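Written out below as structure tokens is the structure these notes cover.
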Amino acid sequence: MAIVVLRELRKELSEDFDPGDPVLRVEAVHAAPADPDTSGDVDDRTFCGKPTLDMERVNHQPAGPGASWSPPHMRRWECPDCANALRSL
């Protein structure tokens, strides 16, 4: 099964309260199955059940069987529910 890594982002006002676009911050990093019907697309929900529609794809593939699914620099945001679901596969 192919795994797609996604970032769940939240919007925050800039720290100086300057007018303009909000700053995007990582809320969590999720894993989702690839859509079996469309090559390269992500399925509708993450392994923890969240909708993938508003999430941003992360360009990362696990190094191989048993390797961590999340990028090393994003592990602090790793969704524990997605991680648990992947361990049970």
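Computed from a prediction, not measured in an experiment: that's the story for all the values here.
Within the 4.5 Å cutoff, the side chain of Phe47 has no heavy atoms near those of the Asn84 side chain. In this structure the side chain of Ser68 reaches within 4.5 angstrom of the side chain of Arg75, judged on heavy atoms.
Considering every non-hydrogen atom in both Cys79 and Cys48, the closest pair reads SG-SG, 3.8 Å. Heavy-atom minimum distance, Trp69 versus Ala83: NE1-CA, 3.8 Å.
Here Leu6 contributes atom CG and Arg57 contributes atom CZ; the two are 7.5 Å apart, rounded to the nearest 0.5 Å. With rounding to the nearest 0.5 angstrom, the CD atom of Glu78 is 8.5 Å from the CG atom of Leu86.
Looking only at distances, a side-chain donor or acceptor of Thr46 sits under 3.5 Å from a matching main-chain atom of Lys50. In this structure a side-chain-to-backbone donor-acceptor pair under 3.5 Å is missing from Thr38 to Asp35.
A continuous path of Ile, Leu, Val, Met, Phe, Trp and Tyr side chains, each step under 4.5 Å between heavy atoms, connects Val58 with Leu9, placing both in one hydrophobic cluster. Met55 and Val26 fall into different hydrophobic clusters, defined by Ile, Leu, Val, Met, Phe, Trp and Tyr side-chain heavy atoms under 4.5 Å apart, directly or through other members. In the hydrophobic clustering of ILVMFWY residues, with side-chain heavy atoms under 4.5 Å counting as a link, Val42 and Trp77 come out apart. Note on Ile3: it clusters hydrophobically with Met74, by side-chain heavy-atom contacts below 4.5 Å among ILVMFWY residues. Each of Val5 and Leu53 belongs to its own hydrophobic cluster when Ile, Leu, Val, Met, Phe, Trp and Tyr are linked at side-chain heavy-atom distances under 4.5 angstrom.
Partners of Glu27 under the side-chain hydrogen bond (donor to acceptor under 3.5 Å, both in side chains) rule, at least two apart in sequence or in another chain, are Arg10.
Between the side chains of Thr52 and Arg45, not a single donor N or O lies within less than 3.5 Å of an accepting N or O.
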